[in-house]
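Just below is one structure, and these are the notes that go with it.
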Protein chains: 2
Amino acid sequence: MKFNKVAVKAVTLVDQVEEQILSYIVENKLTLGNEIPSELTLAENLNVGRNVVREALSRLRMLGIVESRKHKGMVVREPDVMKCFTKVVNPYLLSKQSILDLLDLRVSIESGIAELILSNITDEDITELESIISRHTYQDDMKLKVENEIEFHSKLYRITKNQAVIDLLEMILPLFSYVNEKYEDFKPLNQKNKEKLVKHEDLIPLLKARDVDGYRNAIYNHLKAYSEYIKQTRNIK
Amino acid sequence: MKFNKVAVKAVTLVDQVEEQILSYIVENKLTLGNEIPSELTLAENLNVGRNVVREALSRLRMLGIVESRKHKGMVVREPDVMKCFTKVVNPYLLSKQSILDLLDLRVSIESGIAELILSNITDEDITELESIISRHTYQDDMKLKVENEIEFHSKLYRITKNQAVIDLLEMILPLFSYVNEKYEDFKPLNQKNKEKLVKHEDLIPLLKARDVDGYRNAIYNHLKAYSEYIKQTRNIK
DNA sequence: ATGACCGTTATGTCCTACAAATGTAAATAT
DNA sequence: ATATTTACATTTGTAGGACATAACGGTCAT
């Protein structure tokens with residue numbers, strides 16, 4: 001028995017037109033603000049129906065590559081690199097493995113940006129971080145409120161001044177919230193490593209001292225505690 | 001003169017329908033393989049034209065959230081987290097700043113995954129890395145061929161066994177290639193820091209020794225050399 | 001029971017039509 | 001002649017019809 005069906009032609013016209021329009025933009029070196037032909041001219045030139053062109057443009061619009069000004073025409077935009085993430089990074093749509101991978105990715109990045117943070121951080125940043133910590137409230141004696149977690153770490157991200165870093169990590173944060181809420185009896189620490197649990201306030205002196213290695217180690221332990229716990233308890237409520 | 005136009009209704013029907021379908025999936029707890037209503041029934045229930053539904057579905061299809069089996073129906077899929085990246089991370093579409101941000105993100109992640117790599121790496125992995133290095137060829141006496149760069153680092157990524165890490169970094173790699181080719185007279189090292197330039201072969205002993213801090217420091221310097229050079233020379237060919 | 005046939009259904013594609021809004025050119029008023 | 005108004009053409013957003021094609025399921029004949 002032989003399978004001669006070499007290629008299942010799953011690519012639709014829309015897929016092709018989408019690529020053609022992208023090629024058009026690249027080849028004509030169109031940049032921010034340049035106009036692209038109207039839907040009708042595109043349809044005529046590409047020999048397809050206007051619907052097909054609209055579907056392709058709809059996708060490009062979602063990616064932020066083009067923008068449509070109603071009743072005027074469409075122009076090229078600079079895509080928002082991480083924007084497409086928002087729709088996909090949804091705990092209800094992702095598998096448990098994907099979520100775990102993303103949470104581990106977060107640990108790696110937050111450790112990896114230690115140099116970036118400590119070479120950029122100002123005294124004002126540190127003051128703001130302290131202010132955020134002072135507003136921290138706890139659900140019970142162990143579990144910090146999710147909003148506080150998000151506020152603190154978001155501030156850390158913004159210190160990098162790297163928009164890709166900021167967007168990517170802020171996209172992953174809600175995932176952490178979801179897991180945090182969903183896991184039953186979530187306690188990132190148990191008795192035996194209670195003493196070495198790193199809290200937000202423990203990071204401040206390291207930031208003040210501009211201690212890169214110390215900070216990286218601390219933030220790693222701070223996050224890894226959660227990550228490890230989640231991996232151990234596989235059952236989600 | 002007052003602006004009473006409270007909200008510019010930029011959201012189209014397609015945007016709304018897209019959200020509605022997503023909500024439908026989430027609320028009905030549809031998962032991998034579950035069918036969603038046909039285009040026509042969706043259009044009727046949502047009181048919109050079939051075109052609108054098709055555009056919305058076309059977007060979800062691109063994100064990998066749904067899959068259409070021709071003439072049969074549409075089913076829910078698990079979206080590929082990083083897939084949407086491929087279309088957006090295109091050096092011709094992104095601004096120079098976005099590219100630089102992404103390259104810095106790469107440096108941070110490759111440093112940040114040091115723990116992950118060194119806790120996972122096997123002797124076979126190291127042997128394979130050595131084998132890759134043995135096949136390295138140089139364009140001139142300084143510049144390693146881009147394919148070799150990609151091959152070596154891709155192998156490093158795969159050691160993490162974290163699909164999000166692998167996909168994200170492999171998405172950024174071609175960007176590096178582009179910059180590498182585009183920058184005129186690209187030399188990551190100059191005379192004064194020639195001695196401290198870290199090459200691929202310098203990483204091997206650190207990997208063998210499972211020296212996390214040493215490896216992280218080395219890979220950081222290895223990548224930062226390029227990154228810094230690019231930031232200095234602002235003009236692209 | 002097996003195989004041939006037919007109708008139903010779903011997606012992919014094309015087409016026409018119209019509303020709304022925008023820019024432009026012509027027409028009109030001053 | 002200039003300014004204002006009007007009318008038209010263009011473009012996106014949306015609706016709806018039409019058809020080809022392919023998969024599925026049921027019926028009927030053998």
Side-chain angles (χ1 to χ4, degrees), chain A residues 3-22 24-25 28 30 32-77, chain B residues 3-22 24-25 28 30 32-77:
Chain A
F3 287 91
N4 271 332
K5 188 160 55 171
V6 178
V8 180
K9 198 203 169 194
V11 279
T12 65
L13 265 183
V14 177
D15 295 321
Q16 297 173 48
V17 169
E18 185 193 335
E19 282 216 12
Q20 296 243 32
I21 296 176
L22 263 181
Y24 178 88
I25 293 175
N28 292 71
L30 300 188
L32 213 144
N34 290 134
E35 291 188 6
I36 59 179
S38 76
E39 297 173 354
L40 213 57
T41 45
L42 280 174
E44 284 166 1
N45 287 334
L46 295 171
N47 267 315
V48 294
R50 192 177 152 225
N51 277 339
V52 173
V53 172
R54 276 193 63 79
E55 272 191 47
L57 286 173
S58 186
R59 293 180 179 180
L60 298 181
R61 205 174 314 137
M62 189 188 55
L63 294 177
I65 294 173
V66 304
E67 184 185 27
S68 67
R69 301 164 308 173
K70 207 171 177 181
H71 316 121
K72 286 162 75 178
M74 306 201 68
V75 292
V76 175
R77 273 191 41 180
Chain B
F3 286 91
N4 272 333
K5 189 160 54 172
V6 179
V8 180
K9 198 202 168 193
V11 278
T12 65
L13 265 184
V14 177
D15 295 320
Q16 297 173 48
V17 169
E18 185 193 336
E19 282 216 12
Q20 297 243 31
I21 296 176
L22 262 181
Y24 178 86
I25 294 175
N28 291 72
L30 301 188
L32 214 143
N34 289 135
E35 291 190 4
I36 60 181
S38 77
E39 296 173 354
L40 213 56
T41 44
L42 280 173
E44 283 165 3
N45 287 335
L46 296 171
N47 267 314
V48 295
R50 192 177 153 223
N51 279 337
V52 173
V53 173
R54 276 192 63 78
E55 273 190 46
L57 285 174
S58 187
R59 292 180 180 180
L60 297 181
R61 203 162 30 227
M62 189 188 55
L63 294 177
I65 294 173
V66 304
E67 185 186 26
S68 67
R69 302 163 308 171
K70 207 171 176 180
H71 313 121
K72 284 163 76 178
M74 305 201 69
V75 292
V76 175
R77 274 191 42 179

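In what follows, chains carry the letters A, B, and so on, assigned in the order in which the sequence lines appear, proteins first and then strands, with residues in each chain numbered from 1.
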What contact category does B:D15 fall into here, base, sugar-phosphate, or nothing, at under 4.0 angstrom with non-hydrogen atoms?
nothing
So, OP1 or OP2 of D:dC24: does either fall under 4.0 Å of a side-chain N or O from B:K72?
yes
Specify the separation, in whole Å, of atom [atom1] of [X] and atom [atom2] of [N].
X     : N      : atom1 : atom2 : result
B:N47 : D:dT14 : CG    : P     : 14 Å
B:H71 : D:dA22 : NE2   : C1'   : 4 Å
B:M74 : C:dA10 : CE    : P     : 13 Å
B:E18 : D:dG13 : CD    : P     : 14 Å
B:K70 : C:dT11 : NZ    : C1'   : 7 Å
A:L57 : D:dT11 : CG    : P     : 14 Å

Residue pair [X] / [Y]: nearest heavy atoms and the distance that separates them:
X     : Y     : result
A:E39 : A:L57 : CG-CD1, 3.7 Å
B:I21 : B:A56 : CD1-CB, 4.3 Å
B:S58 : A:V14 : OG-CG1, 4.1 Å
B:L30 : B:E35 : CD1-O, 3.9 Å

Going by heavy atoms in the side chains, are B:T12 and A:K70 under 4.5 Å from each other?
no
Quick one: are A:V48 and A:V53 in side-chain contact, heavy atoms under 4.5 Å?
yes
Side chain of B:L13 only, please: which of C:dA20, C:dT13, D:dT14 is the nearest?
D:dT14
Atom [atom1] in [X], atom [atom2] in [Y]: separation rounded to 0.5 Å?
X     : Y     : atom1 : atom2 : answer
B:E18 : B:L63 : CD    : CG    : 7.0 Å
B:R59 : B:I65 : CZ    : CD1   : 12.0 Å
A:R54 : A:L42 : CZ    : CG    : 12.0 Å

Mark yes or no for whether A:N45, through its side chain, and A:T41, through its backbone, hold a donor-acceptor pair below 3.5 Å.
yes
Could you identify which residues of residues 61-69 of chain A place a heavy atom less than 4.0 Å from some atom of DNA chain C, listed by residue number, or say none?
none
Expected output is a numbered-order residue list: members of residues 33-45 of chain B with a heavy atom under 4.0 Å from any atom of DNA chain D. What is it?
none
N/O contacts under 3.5 Å, protein versus nucleotides 15-18 of chain C?
| unit_1 | atom_1 | unit_2 | atom_2 | d |
| --- | --- | --- | --- | --- |
| C:dC15 | N4 | A:N51 | ND2 | 2.6 |
| C:dA17 | N6 | A:R50 | NH1 | 3.4 |

Using the side-chain contact (heavy atoms from CB on, under 4.5 Å) rule, pick out the option among B:R61, B:R69, B:E67 that qualifies with B:M74.
B:R61
